[in-house]
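The structure's right below; bear with me while I get my questions together.
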Amino acid sequence: MLEGYWQSERYFASIAASLRNEVFVPVAPLPARNAELLERIHASNSASVHVRRGDYVDRPETASYHGVPSSTYYTAAMAELVDRHAVETFFIFTDDPGWTRANLTGPRQVIFVDVNHGRESHWDMYLMKHCKHHIIANSSFSWWGAWLNASLSKTVIAPARWFAGSDAPHDILPPTWLAR
């Protein structure tokens, strides 16, 4: 049994290509709404935006350990991707749609992905990995969604403060990712 967050490439760098080719390869057709979203992701210069709040906000001990990136972080990151890559569409994945809809508008088209819940949440990671660029939370879920994208031209923007009390450890963010 393996246990951990696995948020460092150094654990599996030697098999990176295999992981990216073998993880989240559906054996059955995607659910219809996810197939539609995947088409839209591929049809535009897209970026995933993952906003994790849930237990990071609701549980005081979790909140004090992890912290939560601000709406300013997300807004600035979205503007940076528009400037760097002319991103046209931001696909927003979140466990707190109320807060996210109220606080993130984006400089371009924003699509809130709200079709996958509970046991279907893995489809969010599958869709995230297909976006061209990524804005992630301090979360292993969004880390993996961005990392599984094999594109060498992707830009990944991550919070510089991975934990409430400190910056991201040196090996959490791959060297090509941008800490903001």
Side-chain angles (χ1 to χ4, degrees), residues 7 9 16-26 29-53 68-117 120-160 162 168 172-180:
Q7 295 172 320
E9 287 185 307
S18 295
L19 282 175
R20 287 182 170 125
N21 289 329
E22 296 173 20
V23 173
F24 287 120
V25 178
L30 276 88
R33 184 65 179 121
N34 287 305
E36 292 168 19
L37 286 163
L38 186 60
E39 284 181 29
R40 291 182 79 176
I41 286 168
H42 287 152
S44 69
N45 188 7
S46 60
S48 73
V49 179
H50 183 244
V51 179
R52 178 174 178 177
R53 291 178 49 80
V68 179
S70 69
S71 60
T72 303
Y73 158 75
Y74 288 105
T75 302
M78 291 166 87
E80 184 172 348
L81 288 182
V82 169
D83 290 344
R84 281 178 173 259
H85 300 291
V87 167
E88 303 162 338
T89 309
F90 292 93
F91 291 84
I92 299 183
F93 301 84
T94 183
D95 61 354
D96 191 347
W99 183 91
T100 305
R101 286 179 188 273
N103 290 281
L104 295 184
T105 54
R108 296 284 191 269
Q109 181 181 25
V110 171
I111 296 173
F112 290 91
V113 179
D114 58 2
V115 298
N116 300 306
H117 308 282
E120 300 301 316
S121 295
H122 63 281
W123 290 116
D124 281 356
M125 189 183 294
Y126 179 81
L127 293 172
M128 288 167 59
K129 88 171 194 170
H130 286 279
C131 290
K132 290 180 178 70
H133 306 286
H134 307 275
I135 300 168
I136 69 171
N138 53 336
S139 159
S140 55
F141 190 89
S142 54
W143 189 99
W144 278 98
W147 188 87
L148 286 169
N149 176 327
S151 173
L152 297 177
S153 62
K154 72 182 176 189
T155 292
V156 179
I157 299 176
W162 199 258
I172 281 187
L173 304 181
T176 58
W177 292 12
L178 306 174
R180 298 292 188 251

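Note that the structure is a prediction, hence the values are computed from the model and not measured.
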**Message:** To the closest 0.5 Å, what do you measure between CD (Glu39) and OG (Ser44)?
**Reply:**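 Output value for this atom pair is 12.0 Å.
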
Fill in: Partners passing side chain to side chain donor-acceptor pair (under 3.5 Å) against Ser151 (at least two apart in sequence or in another chain)
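Checked Ser151 against side chain to side chain donor-acceptor pair (under 3.5 Å); matches are Ser153.
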
* Pairing residues for His133 by the side chain to side chain donor-acceptor pair (under 3.5 Å) criterion, not counting sequence neighbours ->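 Listed in chain order: nothing, the list is empty.
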
**Asked** With sequence neighbours left out, what residues match Arg52 under salt bridge (Lys or Arg N to Asp or Glu O under 4.0 Å)?
**Response**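 Result, salt bridge (Lys or Arg N to Asp or Glu O under 4.0 Å) vs Arg52: Asp55.
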
Not counting sequence neighbours, which residues clear ring pair (Phe, Tyr, Trp, His ring centres under 6.0 Å) with Tyr126? List them please.
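Listed in chain order: Trp123, His130.
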
Q) According to the salt bridge (charged side-chain N to carboxylate O under 4.0 Å, His left out) rule, which pairs have a member within residues 138-159, sequence neighbours left out? A)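 Every candidate salt bridge (charged side-chain N to carboxylate O under 4.0 Å, His left out) pair involving residues 138-159 fails, so no pair, neighbours aside, qualifies.
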
Query - Of Phe141, Trp143, Phe93, the residue whose pairing with His50 passes ring-ring contact (aromatic ring centres under 6.0 Å, His included) - result: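 It is Phe141; the other options fail the test.
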
Query raised in the report: Taking side chain as C-beta onward, heavy atoms only, is Ser48 less than 4.5 Å from Leu127?
Result: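 Ser48 vs Leu127: side chains apart.
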
Is there a side-chain contact between Ser142 and Val49 in this structure, where contact means two heavy atoms from C-beta onward sitting under 4.5 Å apart?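 When only atoms from C-beta onward are counted, Val49 and Ser142 do not touch, as no gap falls below 4.5 Å.
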
Side-chain atoms of residues 173-180: list all donor-acceptor pairs with protein atoms under 3.5 Å, sequence neighbours left out, distances to 0.1 Å.
from, atom 1, to, atom 2, distance (Å)
Arg180, NE, Glu80, OE1, 3.0
Arg180, NE, Glu80, OE2, 3.4
Arg180, NH2, Glu80, OE2, 2.9

> Has the side chain of Asn138 got a donor or acceptor atom that lies under 3.5 Å from a matching backbone atom of Trp162?
Replying inline: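 Flag set: sc Asn138 to bb Trp162 pair under 3.5 Å.
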
Report task. Grab the two heavy atoms, one from Pro69 and one from Pro159, that are nearest each other, plus how far apart they are. Result ->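 Residues Pro69 and Pro159, closest heavy atoms: CG-CG, 3.9 Å.
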
With sequence neighbours excluded, residues passing salt bridge (Lys or Arg N to Asp or Glu O under 4.0 Å) with Arg20
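Arg20 satisfies salt bridge (Lys or Arg N to Asp or Glu O under 4.0 Å) with no residue once adjacent residues are dropped.
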
**Report entry** Polar side-chain atom of Lys132 near backbone of His85 as donor-acceptor pair, under 3.5 Å
**Finding:**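 Side chain of Lys132 to backbone of His85, a donor-acceptor pair under 3.5 Å: no, none is there.
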
Subject >> All pairs passing salt bridge (charged side-chain N to carboxylate O under 4.0 Å, His left out) where residues 86-106 contributes a residue, at least two apart >> reply: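 Matches after skipping sequence neighbours: Arg53-Asp96, Arg101-Asp114.
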
Review point. Would you call Ile135 and Phe90 a side-chain contact if the rule is heavy atoms closer than 4.5 Å?
Key: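 Yes. Closest side-chain heavy atoms under 4.5 Å.
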
Atom CD in Gln7, atom OG in Ser139: separation rounded to 0.5 Å?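 Going from CD on Gln7 over to OG on Ser139, the span is 7.5 Å.
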
Q | Contacts of type ring pair (Phe, Tyr, Trp, His ring centres under 6.0 Å), residue His134, not counting sequence neighbours | A |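 If we apply the ring pair (Phe, Tyr, Trp, His ring centres under 6.0 Å) test to His134, skipping adjacent residues, there are no hits.
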
field: CA sep, side-chain torsions, deciding dist, call: Leu38, Leu30, side chain to side chain contact (heavy atoms under 4.5 Å, CB included)
entry: CA-CA 9 Å; Leu38 186 60; Leu30 276 88; 4.2 Å; yes

Exercise for the section: Output all residues satisfying side chain to side chain donor-acceptor pair (under 3.5 Å) with Ser46, sequence neighbours left out; order by chain, then residue number. Expected result: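 Expected list: none.
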
**Asked** Considering only heavy atoms from C-beta outward, does the side chain of Tyr74 approach that of Ser71 to under 4.5 Å?
**Response**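 Contact flag for Tyr74/Ser71 side chains = no.
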
**Request:** For Trp147, check side chain to side chain donor-acceptor pair (under 3.5 Å) against everything at least two apart and list the hits.
**Result:**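 For Trp147 the side chain to side chain donor-acceptor pair (under 3.5 Å) partners, ignoring immediate neighbours, are Glu9.
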
| query | Of the non-hydrogen atoms in Pro107 and Val82, which two are nearest, and what is the gap between them? | reply |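 What the structure gives for the nearest pair is CG-CG2, 3.6 Å.
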
Are Met125 and Leu148 side-chain neighbours, meaning at least one heavy-atom pair lies under 4.5 Å?
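Answer yes - side chains close enough.
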
Side chain to side chain contact (heavy atoms under 4.5 Å, CB included) between Glu120 and Asn34, intermediate numbers included = CA-CA 10 Å; Glu120 300 301 316; Asn34 287 305; 5.9 Å; no

Partners passing side chain to side chain contact (heavy atoms under 4.5 Å, CB included) against Thr105 (at least two apart in sequence or in another chain):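 With sequence neighbours excluded, Thr105 shows a side chain to side chain contact (heavy atoms under 4.5 Å, CB included) to no residue whatsoever.
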
>> Please report the interatomic distance CZ(Arg84) to CG(Leu81), rounded to the nearest 0.5 Å.
In response: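 Reported to 0.5 Å precision, the distance equals 8.0 Å.
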
